[in-house]
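Below is one structure, written out as structure tokens, with a few remarks after it.
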Amino acid sequence: MKILVINSGSSSLKFELIDMTNEKTISKGICERVGIANPIFTYKNLGKDIKIDKQEAPMKDHSAAIDLVLKTLQDKEIGVISNVDEIDAIGHRVVHGGEYYDDSVIIDEEVIKNLEEVSALAPLHNPANIMGIKVMKKLLPEKKNVAVFDTAFHQTMKPEAYMYPLPYEDYTELKVRKYGFHGTSHKYVSEVTAKLLGKENSKIIVCHLGNGASISAVKDGKVVDTSMGMTPLAGIMMGTRTGDIDPAASLYVMEKRGLSIKEIDTRMNKKSGILGIFGESSDFRDLENAMKAGNERAKLAYDMFCYRVKFYIGAYAAAMDGVDAIAFTGGIGENGSDPRATICEGLSYLGVKFDFEKNGIRTSGNVELSMPDSKIKVYKIETAEELVIARDTYRLTK
Ligand code: AMP
């Protein structure tokens with residue numbers, strides 16, 4: 001059983017072919033700059049250790065990009081399957097499922113209609129996800145397609161956590177509320193952490209710290225609260241996103257600088273966060289290098305980032321009336337030993353005894369980073385969002 005995972009963005013398309021007999025990735029890659037000048041196609045055949053980077057690959061639209069992916073997967077020399085019959089089903093990452101979906105779903109016409117309706121809440125993401133689904137259905141009409149939502153795992157939040165104190169009709173008429181994102185990662189990482197804890201009932205705080213970043217409180221496998229909101233702009237500071245700010249601050253900047261809604265949206269989503277404060281890059285490694293070289297704005301951005309993560313950990317320990325484990329994941333959470341140390345340094349009041357030495361040793365896999373006698377365990381967990389999508393697709397279509 002082989003599942004093709006598709007993550008379709010507005011100008012990019014990531015793919016991964018996973019063999020469900022052993023849950024191993026056979027092939028993966030990315031089409032970048034789809035529909036714009038100088039497209040790039042990157043492809044890996046993991047079995048044969050083949051990697052190709054093709055500049056100027058012909059990808060005038062998403063249909064051409066998926067066509068190129070399917071042809072490459074079947075290529076005699078570099079491919080991994082002899083024909084598309086070997087692909088059993090396709091799993092699509094869909095950013096927003098609104099209130100419609102608390103689980104993954106096999107895609108039919110009604111699902112597409114619902115996703116189109118929900119697109120108003122995720123105008124940057126859902127239309128691109130739907131485009132990938134429609135192209136796949138056209139190119140391989142006999143295959144089943146499954147939608148796996150970033151929002152679904154968070155649907156267990158109670159109204160007191162997900163409601164915004166706006167006029168009530170903004171919820172009933174416009175569906176304005178907290179939805180949360182990165183759900184596949186929070187689900188996977190909280191499940192792995194619960195297994196490592198070996199406790200039946202567990203209170204886990206998952207810190208998914210990547211370019212996009214979010215934190216969630218997961219009690220007995222169910223999300224109690226999460227830091228992203230109606231959109232992925234809310235919560236902790238991110239690579240280019242503000243995270244939580246006083247909403248009136250954005251109205252003030254809009255007025256003073258004469259910005260349109262689109263311009264302030266771009267400013268808060270693409271020009272803020274680490275990039276906004278540091279000014280040179282949104283990449284955390286660049287930030288750490290500049291900080292070590294004495295750049296004060298880099299130091300400020302680093303301190304703000306760690307402070308905000310710590311702030312949410314405290315809030316979520318309160319929301320769950322305690323915490324058994326804190327799990328770090330995502331590019332920064334998995335690799336950034338310094339930010340992990342800075343965050344955990346200030347958590348002794350909770351009962352965290354952090355193993356600073358072990359934290360500094362670079363190892364792959366899932367690692368416990370707290371002392372054996374720490375009341376609260378700290379882990380580094382490697383997230384596997386594509387695997388969650390493949391597992392759900394397999395579960396619903398096998
Ligand atoms: P993601 O969005 O999960 O792919 O994470 C991307 C972020 O992880 C970028 O800001 C990277 O700079 C950061 N990152 C990757 N490796 C490291 C590392 N060794 N130390 C700190 N940050 C890292």
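Note: hydrogens, waters and symmetry copies are ignored here, and every other heavy atom, side chains too, is used. Counting convention: from 1, in listed order, for ligands and their atoms alike.
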Item to check | By salt bridge (Lys or Arg N to Asp or Glu O under 4.0 Å) - contacts of D67 (at least two apart) | outcome: K71
Checklist entry - Looking at residues at least two apart in the chain, or sitting in another chain, which of them share a salt bridge (Lys or Arg N to Asp or Glu O under 4.0 Å) with K195? => result none
Next on the checklist: Which protein residues come within less than 4.0 angstrom of ligand 1, counting heavy atoms only?
Outcome noted: G210, N211, D283, F284, R285, E288, G330, G331, I332, N335, G336, R362
Checklist entry - In this structure, are over 12 heavy atoms from other groups packed under 6.0 Å from E169 atom CD? => result yes
Item to check | Residues that Y101 engages under ring-ring contact (aromatic ring centres under 6.0 Å, His included), provided they are two or more places apart | outcome: F149
Checklist entry - Distance from H62 atom NE2 to M136 atom CE, nearest 0.5 Å? => result 12.5 Å
Next on the checklist: Could you check, using the six-membered ring where one of them is a Trp, whether F181 and H186 have ring centers closer than 6.0 angstrom?
Outcome noted: no
